[in-house]
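These notes are about the structure you will find just below.
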Amino acid sequence: MPTTVYDAEGIKKSIVGKLQRYYGITVQEANPQQLYRAVASTARDQIMSKWMISRKKRHEQHGKRVYYLSVEFLMGRSLNCNIINLCSENAYAQALKELDIDLSRILPEEPEPALGNGGLGRLAACFMDSLASERLPAMGATIRYEYGLFRQKMVDGQQVELPDNWLANGNVWEIAAAEDTCQIQFGGHVEKYMEGDRECYRTVDAYTIDAVPYDMPIVGYNNECVNTLRTWSARSQERIDLRSFGQGNYMKAMEEMQMAEVISKVLYPEDNHYEGKMLRLKQHYFFTSATLQYALKNFKKYYGNNFDLLPDKCVFHINDTHPGLAIPEMMRLLIDQEGLSWEMASRITKRCMAYTNHTVMAEALERWPVDMMQQTLPRIYMILEELNRRLCEELFMAYPDQWERIGHMAIIGYGQVHMANLCVAMSFSVNGVSQLHGKILQDSLFHDFYLLDKRKFGAITNGITHRRWLLESNPALTNLITEAIGDGFKSDASKLSELAVFAEDAAFREKFAQVKMHNKRRLQKLVKERQGIDIDTSFIFDTQAKRLHEYKRQMLNALHIHVLYNRIMDDPSFTMPPRLFLFGAKAAPGYGRAKLIIRYINALAKLIDASPRAREMIKIVYIENYDVSTAEVLIPATEISQQLSTAGKEASGTGNMKFMMNGAVTIGTMDGANVEIYEQVGQDNIYIFGMRSEAVDRLYQEGSYNPMEIFESNQEIKKAMSQWLDGTIFPNEPRTMHDLYQALLMGEWGNMADPYLVLKDFGSYNLANRRMMEDYQNKEKWQKMAIFNTAYSGFFSSDRTIQEYNDQIWHIAPQV
Ligand code: 26W
C-alpha cells in the first residue's frame, strides 16, 4: 500500500487535490471553510494510517486497555493540536505559506465540540491527550450529543441561551463504526424462566433503541499511539418505510423515531447540580451499556468465555457517578447473557471498576428515585436490589445494629438509589482529584466506607495537557521557553523547572513580559471583533473564568470591584494601578441566582464605564460564551488568576493550573489544587487569603456565623450592598438584587445566611488584593513571580496525572 508522504510538498499536493475533488475549485477560489476541510482532511489521512497500525499493534500485544467512561468530553477544536502532536507544525506552516493560506484564518472554521459543561468534561479531554502521549491503550466513551452546551449571548446584561448545533456541517474527525452498532433496552418487565435447574431472567416487552458508534482518533504526541474517543448516537429501530407511509402511519413512525433519538439530542447544562430527570437516566444507561457490550464483544473475540481474564484485559473508569450503571450492567451481561453465577459476576465486576469522585457538594450527588429506576431499567433495578441486600448484610457484620450508619451507606435507601454508594462499594479503587479533596472523601463523605477498606481510597491530583494549554494556545511563550531550555519540556513537562534560573536574567524577564504583551494584544483583538469593546493593554489583565456558581464566588470578586469603585468615587485622591477585570462564565439556564450575579457584573461594568474617573482605573469585560477556544486566548493574556472558591468546596480546579502555566499569578483560597499550587510556587509567588477548610467546617457546625455583624461593622460592604437596592446598580428595577441581598444577609427558606462566606472572607480578600497591587508596581518582582509560576507548573501536566492513575490503579503496559 503506498503511504502518502507528509512533507510540505505532500501536504500541498493533498490540499490542492482535495479542493479539486471535493469542490472542483482552486486554492484561490476556496473560502475559509473549504480550506479548513481540505487541510483537516489532509491531517486526517495522515492520522488514519497511524490509527490502523496502532490498533493492529494493540491486538498483537494482547495488553490491557482502559475504557474511560464519561458523560462529558469537552474536547475543543482538534486541527491545530493534531498537527502539533503529529510533529508536523513546520511542514504544514511551509505548505500553507507556499499556498498563501493563513492558518489562523482557517482554524476558527472548525466547530468546537462542546460536549461538556466544565471541569469534569475538560479533564476527560486532557486525559485522552495524555493517555495517547503516554502510549497507554485507551478508549474514551460518551454520548454523541447532537447539541452541545448552549452558546451564551448577553442581551441587556442578561444571559440568553442559544442552541449549539455543532454537527450542522458535519464533523471531519469522526467515522461511523456501524459494525459495532448494538441494542439498548428500556422499560418492559422481567420474567423468570428455568434453563435446566438454573433460574434465569429476561426482560420482555422492552423498547429497543440502536446505539451507533462514531469514532474520533486521539493522536499521541511524537509517538505511534492513536487511541479512540467513541461517541454513541441513539437511533430508532423504526426507520420510516413506504408501507407505513401508505397506511397513514407516517406521522406515528416519525414520532416514535424522534422519541428514541432524543436520547442523544442534547447535553444537560447543569454543572454541579443534580436533578432526577428520566431522560438523563436513559442517557447514562445508554452509553454505558453500549460501551460495555462492545468491550465484552471485543474481549470474547480474543479470549472466548474465559471471563476470569477480563480484569487483566479491561479496566472501566467511572468518571463521577454518571456512568455508575456500568456496575449493574456488567453484572447483567455476565449473568443473563454469559451465564455466570452471581458470585463469579460480582467478583469479576468489582475487579474491573474504578471510580473517581469530582464533587462533595450535596446537591450534586446523584440519587435516582426508586420507581423511576424500576420503570426505566427493571432488570438493572433487580440487580441493584440484590447488590444492596448483600452490601447491607456485610455492613451489618461490621456495624451491628447501627441502622442509621448502614442507611447512609446503602445503595438503596429512603426511596432512592444512591449512586456514590454503589460506586464506592463496587469499585476496587476510589479516588479524589486533589490531595485536600482525597482527604475530605476519607474524613467525611466516604468516612464509613474508608474505615472498612482503607486500601482502595486514594487521591490523584488533576492535571492539564500542556500540549493544548501551552504549546497550542501560547506559541510565543513556547518559543521563548524552547530558546531558553530546549524542547525537552514538550514531552516531559517537569523540565519546565529549568526555567526558574532565568528569573534572575533581566533580558529574559523582558522577553517574558513582551510575550505577555503580545498575548494581551491577541485578546484585545478578539474582544474588539467579538464584542466591539475596546480594552487597554496597559491595564492589568485580571481574570476569573469558570462556570458560574455561588461556591466559586464570582460574587466576592464583583463586590470587591464595587468597593473599589466607591473608593474612587468617594475619595478624589484615591488611585490604583489600572486594572481590567475579565469574567468568563456560563450559568446553568435554571440557576436563577447565578444569572443574577451575571446581571450584577454587567451592571457594574456599565456603572464604571459611565464615570470618566472610574474608567481610568477600572474596566470590566464579561467575555461572552466562554468555551475552550476562548480560554485558549484568554488564559495566555492573563496576569492575575482569580481562584476564590469557599475552602473545601472546589474538588480540585483545573483552570487554576492553566493560568499558572501561562505565567499568571494566583489570588486564591486554600482549596482544591490551589493548595498544591501554593506548595509548588511557595508563599512568595501566590496570594492566599480566606478561611481554611477545617475552619469553614467548624463554622458550619457551630452555626454561629452571622454575616449581618460584618455588614454592620464594615462600612464599605454596607455601602456597596445598600447600593444594590437603592437604584445605583439597577436604576430602572431597584428590586432586582433583592434575592441576593436576602440570601447573603438573612438566609431564605431556612437556609443559612451567606453559606459560601462571601462576607466572612471579604476582609482577607481585600488585604490580599492590596498586597498584590503593591507588588505589581514593582516590575522586576512581578516578572519573577510570573516566571516562577510557569517554571513550577510542570507538576500539573496531565501526563503526570495519568502516570499516577496507571501506577496506582490501572497497571496497563504502554504500547511498544
Ligand atoms: C448531575 C449533575 C452534575 C453535573 C456535573 C453533578 C456533578 C458534575 C461534575 C462532577 C461537576 C464538575 O465538573 N466537577 C469538577 O470536576 C473537576 C475535575 O475533577 C474539578 O477540577 C472541579 O473542582 C470540580 O468542580
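Every number for a ligand or one of its atoms is a count from 1 in the order of the listing.
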Less than 3.5 Å apart, N/O on ligand 1 and N/O on the protein: could you list those pairs with the distances?
| from | atom 1 | to | atom 2 | distance (Å) |
| --- | --- | --- | --- | --- |
| ligand 1 | 13 (O) | L120 | N | 3.0 |
| ligand 1 | 19 (O) | H358 | ND1 | 2.6 |
| ligand 1 | 19 (O) | N462 | OD1 | 2.9 |
| ligand 1 | 21 (O) | N462 | OD1 | 3.4 |
| ligand 1 | 21 (O) | G653 | N | 2.8 |
| ligand 1 | 23 (O) | E650 | OE1 | 2.6 |
| ligand 1 | 23 (O) | A651 | N | 3.3 |
| ligand 1 | 23 (O) | S652 | N | 3.0 |
| ligand 1 | 23 (O) | G653 | N | 3.0 |
| ligand 1 | 25 (O) | N272 | ND2 | 3.4 |
| ligand 1 | 25 (O) | Y551 | OH | 3.2 |
| ligand 1 | 25 (O) | E650 | OE1 | 2.9 |

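Partner of Q283 under the side chain to side chain contact (heavy atoms under 4.5 Å, CB included) criterion, out of L267, I143, T142, T288: I143 alone. Tested against L365 for a side chain to side chain contact (heavy atoms under 4.5 Å, CB included), the candidates V360, L445, T321 yield a single pass: L445.
Evaluation of the side chain to side chain donor-acceptor pair (under 3.5 Å) rule for D799 yields S130, R467 as partners, not counting sequence neighbours. Listed by chain and residue number, nothing satisfies the salt bridge (charged side-chain N to carboxylate O under 4.0 Å, His left out) test with R698 (two or more places apart in sequence, or in another chain).
The cationic atom of K454 (NZ for Lys, CZ for Arg) lies less than 6.0 Å from the six-membered ring centre of Y450 and within 45° of the ring axis.
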Return a table of donor-acceptor pairs under 3.5 angstrom between the side chains of residues 423-431 and protein atoms on other chains or two or more places apart.
| from | atom 1 | to | atom 2 | distance (Å) |
| --- | --- | --- | --- | --- |
| S427 | OG | C423 | O | 2.7 |
| N431 | OD1 | T356 | OG1 | 2.7 |
| N431 | ND2 | Y805 | OH | 3.0 |

